[in-house]
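A short worksheet on the structure shown next.
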Amino acid sequence: MTRRRRPAPTLIPYPGRIQRRSRPQAYRRLWRLPLLLAYLVLAFPLAWWTYARKREPDAQGLAAFRWWSRRVLRLFGIRLRVEGEIPEAPVLIAANHVSYLDILALASVTPGQFVAKREMRSWPFFGFMGEWLGTFFIDRQDARASQRVLKEATKVLERGRIVLIFPEGTTSDGKTVREFYGAPFETAAAAGVPTVPVALRYEDILRPGQADRLCPFIGDDSLLLHLWRLAAAAPLTLRLVFCPPLAADLGRRQLASKTHAAISEALRRMEQGASVTYLPARGPARRHPLRDAWNSWRRGHGA
């Protein structure tokens, strides 16, 4: 019987300063929104040059989207924390779905082609960018069309690439995992490649293991309003836990069931998570030249 290891504590120095930074602040919009607009403008020539003018996305195009995704996540103060072994192609990656930011996070670590719902094609920016990146859009109301799309995704896996799916078919609050559709897992079974479950969770720095309440993109929330709130948000941690791979010979139903169980267990382990331990400040206090000059002026004038 192996002894279960306790999770290591999250060490956070300067508790007062961190608590102030953990709240949403409107002033963050002053520099985040203009930079986001600049990155969106940059995305057009970058996308056209690297993959839009090609018949299918190649390594250069995926690398360009990986670079762009990392910059956007950094802009919003989202720091990735990756656990587990990152798989190599060919592989089917299945993750729980919390927000459209999941796409950028997975593309930053394991760039590949996504399988998404048909409604996403009409989204501003994400729609045409998804088409250029070779995203497979599924219409779940049309079973025959969905089968044709999944066959195309199977061919991508057979060519030795990575395909990424969100088998819930919609987003959740990040605390629980919805029921998985089994059809997307047929691609891994048909291509004979492993499936790697990935658990995603957005965390506030002061509540490790607990799902953040701001990042989930659920219900009737609009994209622009969500971006407006996200632009004022404090820095967050996005944890990606890569679980052990599942063999293709399990079949799509077993793959869906075991993937759901693996992701749910990973999220449960996060909730048990690391306690917060504050560290004492090390070294001399940080000096502020302008404040020191102001205090010196006041002392010299008897203020």
Side-chain angles (χ1 to χ4, degrees), residues 56-57 62 82-98 102-103 105-107 109-121 130 133-201 239-270:
E56 61 180 17
L62 295 177
V82 181
E83 304 172 30
E85 184 177 352
I86 299 177
E88 297 182 356
V91 66
L92 177 71
I93 294 179
N96 60 308
H97 201 11
V98 181
D102 304 343
I103 299 174
L106 290 173
V109 181
T110 53
Q113 293 177 242
F114 287 85
V115 177
K117 59 183 180 181
R118 181 180 60 88
E119 291 78 7
M120 190 177 174
R121 180 177 286 175
L133 283 168
T135 300
F136 302 101
F137 294 101
I138 287 185
D139 183 3
R140 291 192 173 89
Q141 305 300 323
D142 189 339
R144 292 185 178 180
S146 297
Q147 288 298 323
R148 288 195 299 268
V149 171
L150 292 177
K151 287 181 180 179
E152 293 296 323
T154 302
K155 294 178 181 179
V156 171
L157 289 173
E158 291 173 345
R159 291 199 294 268
R161 298 192 175 185
I162 296 177
V163 172
L164 304 99
I165 62 173
F166 299 108
E168 291 171 286
T170 186
T171 54
S172 65
D173 60 3
K175 300 178 181 179
T176 58
V177 184
R178 299 175 183 267
E179 183 180 357
F180 282 1
Y181 288 94
F185 293 94
E186 182 64 31
T187 57
V193 302
T195 299
V196 174
V198 179
L200 295 94
R201 171 159 288 178
R239 295 178 63 178
L240 288 83
V241 178
F242 287 84
C243 304
L246 303 174
D249 56 8
L250 291 175
R252 72 177 192 178
R253 292 187 178 180
Q254 283 293 319
L255 284 173
S257 175
K258 290 183 177 296
T259 300
H260 186 281
I263 294 176
S264 299
E265 174 63 18
L267 295 178
R268 187 184 65 82
R269 289 198 304 267
M270 292 182 196

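Note that these values count all heavy atoms, side chains included, but never hydrogens, waters or copies made by symmetry. On a predicted model such as this, the values are computed, not experimentally measured, just so you know.
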Exercise. Going through the distances and angles, do Val163 and Ile93 end up as a side-chain contact (heavy atoms from CB on, under 4.5 Å)?
Worked result: CA-CA 6 Å; Val163 172; Ile93 294 179; over 6 Å; no

I want to check something: taking the side chain as every heavy atom from C-beta on, are [X] and [Y] in contact at a cut-off of under 4.5 Å?
{"X": "Arg239", "Y": "Glu83", "answer": "yes"}
{"X": "Val198", "Y": "Val241", "answer": "no"}
{"X": "Phe136", "Y": "Val156", "answer": "yes"}
{"X": "Val82", "Y": "Val109", "answer": "yes"}
{"X": "Phe166", "Y": "Asn96", "answer": "no"}
{"X": "Val115", "Y": "Pro184", "answer": "no"}
{"X": "Val177", "Y": "Leu267", "answer": "yes"}

To the nearest 0.5 angstrom, please state how far the [atom1] atom of [X] sits from the [atom2] atom of [Y].
{"X": "Leu240", "Y": "Leu200", "atom1": "CG", "atom2": "CG", "value": "4.5 Å"}
{"X": "Leu106", "Y": "Phe114", "atom1": "CG", "atom2": "CZ", "value": "5.0 Å"}
{"X": "Thr187", "Y": "Leu157", "atom1": "OG1", "atom2": "CG", "value": "5.0 Å"}
{"X": "Leu255", "Y": "Leu246", "atom1": "CG", "atom2": "CG", "value": "6.0 Å"}
{"X": "Lys151", "Y": "Glu186", "atom1": "NZ", "atom2": "CD", "value": "10.0 Å"}
{"X": "Arg252", "Y": "Thr195", "atom1": "CZ", "atom2": "OG1", "value": "13.0 Å"}

Exercise. Is it true that a side-chain atom of Arg178 and a backbone atom of Thr170 form a donor plus acceptor pair closer than 3.5 Å?
Worked result: no

Exercise. Taking it one step at a time, do Phe180 and His260 satisfy side-chain contact (heavy atoms from CB on, under 4.5 Å)?
Worked result: CA-CA 7 Å; Phe180 282 1; His260 186 281; 3.7 Å; yes

So which atom in [X] and which in [Y] form the shortest heavy-atom distance, rounded to 0.1 Å?
{"X": "Pro197", "Y": "Ile263", "value": "CB-CG1, 3.9 Å"}
{"X": "Ala256", "Y": "Gly182", "value": "CB-CA, 4.1 Å"}
{"X": "Val193", "Y": "Ala248", "value": "O-CB, 3.3 Å"}
{"X": "Pro245", "Y": "Val196", "value": "CB-CG2, 3.9 Å"}
{"X": "Ile138", "Y": "Ser146", "value": "CG2-OG, 3.3 Å"}
{"X": "Pro90", "Y": "Pro194", "value": "O-CD, 3.9 Å"}

For this session: Taking only Lys NZ, Arg NE, NH1 and NH2, and the carboxylate oxygens of Asp or Glu, determine whether Glu152 and Lys155 approach each other closer than 4.0 Å.
Result: yes

Problem set entry | Evaluation steps, side-chain contact (heavy atoms from CB on, under 4.5 Å), between Glu265 and Arg268 | CA-CA 5 Å; Glu265 174 63 18; Arg268 187 184 65 82; 2.5 Å; yes

Problem set entry | Whether over 12 other heavy atoms sit under 6.0 Å from Arg253 CZ | no

Problem set entry | Pair Tyr181-Ile165, side-chain contact (heavy atoms from CB on, under 4.5 Å): steps then yes or no | CA-CA 10 Å; Tyr181 288 94; Ile165 62 173; over 6 Å; no

Problem set entry | Leu250, Leu150, Thr259 screened by side chain to side chain contact (heavy atoms under 4.5 Å, CB included) with Phe185, the one that passes | Thr259

